[in-house]
Every structure is written in C-alpha cells, then in structure tokens.
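So the structure is just underneath, and the comments pick up after that.
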Amino acid sequence: MTATSEISIDIFHLPSQVNIAELEEKIICKGNQRIHMSYPNVTAKNLRINQKSYLSQLTVEEIISIIDKAAKKWTNPEYELRTLAEKTLPIITGYDALQISLELRRFIRLFRKKDLRRFIQSEVGMFGNILDDFQPNHSGGFSKFYGPDLIFQIFSGNVPGIQIWNLLMAAFVKSATLGKLSFAEAIMPSLFVKSLAEVDAKFADAIAILPWQSGTELENKAIELADTIIVCGGQSAVKSIKEKSGPTKKVLSYGYKIGLALIGQEAISTDRYTTLIKAVAEDISIYDQQNCLAPQSIFIKKGGAVSPKEFANLLASELQNYQLRYPRAQLIEAKQTSINKMRQQADIESIRDSTTTAMVSQKNTDWTIVYRDKVDFMVSPLNRAINIFAINNLNDIGQTLVPYRPYLQSAGIAVAPNRLFEMSDVLGSLGVNRISALGEMNHVVPGWHHDGGFNLLDLVHVTDIEASAERYSEQFDPDIE
C-alpha cells in the first residue's frame with residue numbers, strides 16, 4: 001500500500017506586526033497526495049501605517065530592485081519556494097506538472113529588472129520618476145503621480161501566478177494591498193510575497209493577502225477600508241462589489257474575455273503549416289484555455305497549401321499529441337457536460353449541413369474541434385475545445401464579431417507583413433486590444449495594456465503645479481527683491 005504524501009503550506013501573507021492567534025485549514029486530496037493549506041480568519045491591520053512609513057518613501061527604482069531580487073530567486077531550480085510551488089500547484093489546480101513548471105519559468109522572468117524598467121517606461125515615462133517627485137510637464141509646470149494609500153484586490157484563481165501581476169502594479173504606485181485570494185490558486189501569490197519578505201520585510205509588510213469566502217463581514221470591511229478596489233472575476237462578482245462600494249470608490253474590473261485567431265493562406269504554405277499547427281495547439285492547450293488570452297475560435301482563409309478542413313484534421317492529431325505530453329486537467333461533471341453539449345450541437349448541425357464536422361478525442365473530452373465551412377463566431381466551453389471557421393476573406397469577420405465586442409481581448413495572427421496592420425486595424429476597431437504571434441497568445445510582454453487600459457495610469461491621480469504658482473512663489477523668496 002502506497003503511503004500518503006502530506007504537504008503543509010501557508011496560503012497567506014500578513015504584515016509582521018499582526019499576531020495570528022488561530023489558523024483555519026483547507027485540505028486538498030489527489031490520489032495518495034494530501035495538501036494542508038493554512039490561513040487566518042482575521043482582518044489585516046497596519047497596512048496604511050506601513051505604506052506611509054516605508055513603501056511611499058521608496059523610489060520606483062528601489063521597488064524594481066526589490067522585485068527583481070525576489071524574481072531571481074525563482075530562476076533557481078533549487079529555490080525552496082519554487083520547488084514547493086512545483087509540488088503543490090499540480091495537485092491544487094489539476095494542470096500538468098511539467099506544463100506548470102515550464103510556464104512558471106517563463107512568467108517569472110517578466111519581473112526581472114530590465115523588463116520592469118521597460119514596463120515602467122512604457123506606462124509612465126520619465127523612468128518612473130514622476131511617481132517619486134514632481135517632474136517638468138509640457139505646459140511649463142510640474143506634475144506628480146500618486147497611487148491610492150490602500151487597494152483592495154480580489155484575485156482570480158484560474159491561472160497560476162497571474163495574481164502577481166496586479167499585486168506588483170499596486171506596489172509600483174506605492175499602494176498597500178489587502179488581497180482576497182481564491183482557494184483555487186492561493187499558492188503562487190502567497191509564496192511570491194514570502195520571497196519579497198525575504199528580500200525586504202518592510203516592503204512585504206505593506207501587503208496582506210489571504211483567502212476567505214465571498215460576502216463575509218471581512219469583505220465588507222475591506223471595501224470600507226480601501227481607497228481603490230480591483231476585481232478579477234465574473235460579471236456577478238463585479239456587480240456585487242460595485243453595489244457595496246458606492247459611488248465614491250474607484251472600482252477597476254477585469255472580467256470574462258474572449259480570444260481568437262486569424263490565419264491567412266500565406267501562412268499555410270507547404271514549408272510552414274506544420275510549425276503553425278504546433279503553435280495553435282499550444283495556444284489552445286496551455287492551462288486548458290482558462291487564461292482569457294487563449295483562442296476560442298479560429299478563422300482560416302481558404303486557398304492555402306492545405307484546406308481549412310485539412311488544417312483542422314492535422315490540428316486534431318497535434319492536440320492528441322499534446323494531450324500525451326501534457327494531459328489536460330480532470331474536469332468536474334458540469335464542465336464535461338458543457339463540452340458534450342458543444343459536441344452534440346455540432347452533430348445535430350452536421351445532419352442539416354454536411355460542411356459542419358466535429359473532430360473529438362475518443363472515449364473522453366480531452367480535446368474537441370468543431371469545423372464549419374462558413375463565417376461565424378462561437379464561444380467555447382474551454383478546456384481544449386475550439387471552433388474553426390473557413391473564410392474567403394479575413395476582412396469578412398467584422399460584422400460577425402460586433403456582438404462580442406465587449407468581450408474581445410486577444411488575437412493571434414498569422415498573415416503577411418502587408419496584411420498585419422490592415423487586419424490589426426480591423427480587429428482594433430472591434431475592441432481587440434492585444435495582437436500576438438500564434439504560439440504566444442498566452443504569453444504577455446512587459447508593457448501590455450491589460451483589457452486595453454493602462455496598468456498604472458488607471459490607478460493614479462495627478463497633481464499639477466502650474467507655472468503661475470511657481471512664478472508667484474518666487475515673490476516670497478526673502479533673497480529676492
């Protein structure tokens with residue numbers, strides 16, 4: 001009989017001044033592995049004090065340096081917290097262990113000094129100095145950016161580590177964070193803040209993150225305490241928080257989004273289509289499309305070396321190969337039902353229209369492709385389920401996508417250079433805010449504009465010293481007559 005493997009892990013971080021009298025525990029079991037996740041049932045305190053006394057006094061360059069040192073720890077395969085994450089995340093999330101390890105290695109490198117400097121420069125310019133002190137502006141005066149004293153953040157739990165991005169955005173504008181973690185993925189943000197504490201304990205003391213159930217008194221208190229609220233979640237969660245926060249609180253929300261892909265006939269040449277198919281399979285399979293950047297529908301222009309339907313068949317084989325290397329997470333019954341419903345609808349449609357074809361994994365729902373020889377658009381139940389549409393002209397997608405405009409986010413494109421900006425303009429006018437190469441849809445770069453907005457500018461307020469005030473102040477210099 002195989003012995004049970006027991007792992008204990010704290011899924012929270014509180015300022016060092018907070019006394020934790022009692023911890024609650026959530027246990028996750030998978031096979032012979034059991035993880036005990038501990039967290040306090042207390043409100044984080046002292047965040048405003050720590051923000052005022054320390055975080056607000058740091059320069060942006062000093063903040064970058066702290067984050068860079070923490071990120072570098074994670075580039076060491078032997079780093080204790082990295083090995084702990086790699087052991088526990090597959091059990092908690094259900095994602096393949098090797099895929100998690102590969103994606104975390106890539107993701108954590110977004111937070112190295114050179115990348116953070118590039119990000120800050122693209123967002124606010126002046127190397128971030130405008131967050132440290134008043135800087136000359138174009139009108140002849142001076143300006144400075146101020147972040148909120150305290151941000152309440154509600155983190156998502158669909159993709160490991162993605163919460164770190166919003167957490168660090170608050171740090172760059174020198175705001176303390178009170179964060180509500182999801183039990184679905186509370187590990188990476190907690191461990192990364194522990195790394196920050198190893199580098200600079202006072203910096204980490206401006207962060208409190210822990211999980212709790214929605215609608216509790218703790219959540220109401222967090223809304224009351226915060227100056228700004230950031231919600232990552234569905235429409236109902238966003239609506240609930242906005243109703244509770246009232247008209248005076250700034251509430252930023254990041255909700256459900258849809259990705260798509262466009263493939264021109266020039267990309268399906270005899271020497272390119274095999275590489276392209278591997279890239280598309282990766283975009284579909286990484287974290288099982290749970291990332292809002294992943295494609296749900298693909299448009300393929302007719303006339304390439306292989307037809308759109310042949311492309312779909314080849315993609316089916318590649319998804320099966322990918323499944324063998326990186327198995328999809330096991331699904332609850334409701335998600336299985338959603339995929340089976342997609343398949344059944346395709347089967348019914350194929351009776352009326354022979355150009356609709358469902359290509360599916362056998363005896364399970366590991367992957368699903370529904371091919372249609374017409375222009376349309378459909379959302380996916382996710383979990384490696386994709387819609388493919390053959391199209392005569394990529395420009396024809398315009399009217400098809402209009403109803404989905406509020407939800408469009410990321411597009412992967414494979415077209416010739418003379419078509420890239422034309423198609424990007426079409427997509428941009430429809431609300432798409434990020435365009436990437438195929439194979440890179442799940443991998444953002446420093447400086448990307450989350451949901452089409454600014455990561456830092458949306459958090460700050462600006463104080464301007466007009467030139468008249470500066471000139472006027474000169475009159476009161478005792479050394480000037």
Side-chain angles (χ1 to χ4, degrees), residues 94-99 102-103 259-291 294-331 335-336 338-340 342-347 349-350 353-374 376 378 380-391 412-415 436-443:
Y95 297 132
D96 177 73
L98 179 56
Q99 185 177 82
L102 291 171
E103 290 303 310
L260 64 147
L262 282 74
I263 300 174
Q265 68 182 72
E266 63 272 27
I268 317 179
S269 60
T270 53
D271 60 336
R272 293 190 180 95
Y273 73 84
T274 54
T275 302
L276 181 65
I277 287 168
K278 290 181 183 296
V280 173
E282 185 156 307
D283 284 335
I284 296 167
S285 301
I286 289 178
Y287 292 142
D288 303 343
Q289 294 170 295
Q290 297 303 309
N291 194 331
Q296 298 191 34
S297 286
I298 302 172
F299 299 89
I300 304 176
K301 189 177 184 304
K302 297 176 181 179
V306 299
S307 70
K309 188 171 185 179
E310 290 171 326
F311 187 97
N313 276 302
L314 292 167
L315 178 61
S317 297
E318 187 57 34
L319 286 176
Q320 181 59 35
N321 293 336
Y322 206 98
Q323 170 66 18
L324 296 175
R325 295 196 304 274
Y326 308 111
R328 192 201 63 190
Q330 295 183 0
L331 303 182
K335 293 183 178 180
Q336 297 267 17
S338 295
I339 294 174
N340 284 323
M342 175 186 183
R343 293 178 171 188
Q344 291 164 5
Q345 288 175 336
D347 288 339
E349 186 179 326
S350 68
D353 184 351
S354 61
T355 63
T356 297
T357 305
M359 306 166 191
V360 303
S361 55
Q362 299 302 308
K363 299 180 181 180
N364 53 49
T365 60
D366 289 342
W367 55 266
T368 301
I369 297 173
V370 176
Y371 169 82
R372 293 177 176 86
D373 190 15
K374 62 181 179 181
D376 204 343
M378 295 185 179
S380 162
L382 309 180
N383 298 296
R384 305 189 185 182
I386 193 78
N387 299 286
I388 293 181
F389 303 97
I391 191 167
I413 295 188
V415 295
S436 76
L438 289 174
E440 297 292 333
M441 291 188 67
N442 290 285
H443 303 132

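- In terms of heavy atoms, His443 sits closest to Gly439 at ND1-O, 3.9 Å.
- Proximity of a side-chain donor or acceptor of Asp96 to a complementary backbone N or O of Leu98 within less than 3.5 Å is detected.
- Shortest non-hydrogen contact noted between Ala358 and Asp347 is CB-OD1, 4.0 Å.
- Ile369 CD1 to Leu319 CG: the interatomic distance, rounded to the nearest 0.5 Å, is 5.0 Å.
- Closest heavy-atom contact between Val370 and Met342: CG2-CE, 3.7 Å.
- Using a 4.5 Å cut-off on side-chain heavy atoms (C-beta onward), Tyr95 and Gln290 make contact.
- In this structure, CG on Asn340 lies 8.0 Å from OG1 on Thr368, to the nearest 0.5 angstrom.
- Residues Leu260 and Phe299 come closest through the heavy atom pair CD1-CE1, 3.9 Å.
- Going from atom NZ of Lys278 over to atom CG of Leu276 covers 11.5 Å, rounded to the nearest 0.5 Å.
- Gln330 contributes no side-chain N or O that, together with a main-chain N or O of Gly94, makes up a donor-acceptor pair within less than 3.5 Å.
- Between the side chain of Asn387 and the backbone N or O of Met378 there is at least one donor-acceptor pair closer than 3.5 Å.
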Could you go through Arg328 and Asn383, starting from their C-alpha distance and side-chain angles, then the distance that decides it, and tell me whether this counts as side chain to side chain contact (heavy atoms under 4.5 Å, CB included)? CA-CA 7 Å; Arg328 192 201 63 190; Asn383 298 296; 4.1 Å; yes
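- Taking the side chain as every heavy atom from C-beta outward, Arg343 and Thr365 approach each other to under 4.5 Å.
- Checking Gln336 against Asn364 by side-chain atom types alone, no donor-acceptor pair falls below 3.5 Å.
- No donor-acceptor distance shorter than 3.5 angstrom exists from the side chain of Thr356 to the backbone of Ala346, with no hydrogens or angles considered.
- Between Asp373 and Lys309 there is no side-chain heavy-atom pair separated by less than 4.5 Å.
- In terms of heavy-atom proximity, Phe389 sits nearest to Lys374 at CB-O, 3.3 Å.
- Pro308 is listed as a side-chain neighbour of Lys302, based on a closest heavy-atom distance under 4.5 Å.
- In summary, Glu318 and Arg384 do not engage in a salt bridge, as defined by a charged side-chain N under 4.0 Å from a carboxylate O.
- Side-chain N or O atoms of Gln362 include one that pairs as donor or acceptor with a backbone N or O of Val360 at under 3.5 Å.
- Using a 4.5 Å heavy-atom threshold, the side chains of Arg372 and Glu349 count as touching.
- A 4.5 Å side-chain heavy-atom check between Ile286 and Met441 finds every atom pair outside the cut-off.
- Ala312 and Ile388 get closest at one heavy-atom pair: CB-CD1, 3.8 Å.
- Atom CG of Asp366 sits about 9.5 Å away from atom CG of Asp288, to the nearest 0.5 Å.
- Taking 4.5 Å as the limit, some side-chain heavy atom of Met359 sits within range of a side-chain heavy atom of Asn313.
- Atom CD in Glu103 sits 5.5 Å away from atom OH in Tyr287 (nearest 0.5 Å).
- Distance check: Ser380 OG to Gln289 CD gives 4.5 Å after rounding to the nearest 0.5 Å.
- At least one side-chain heavy atom of Pro295 sits under 4.5 Å from a side-chain heavy atom of Ile284.
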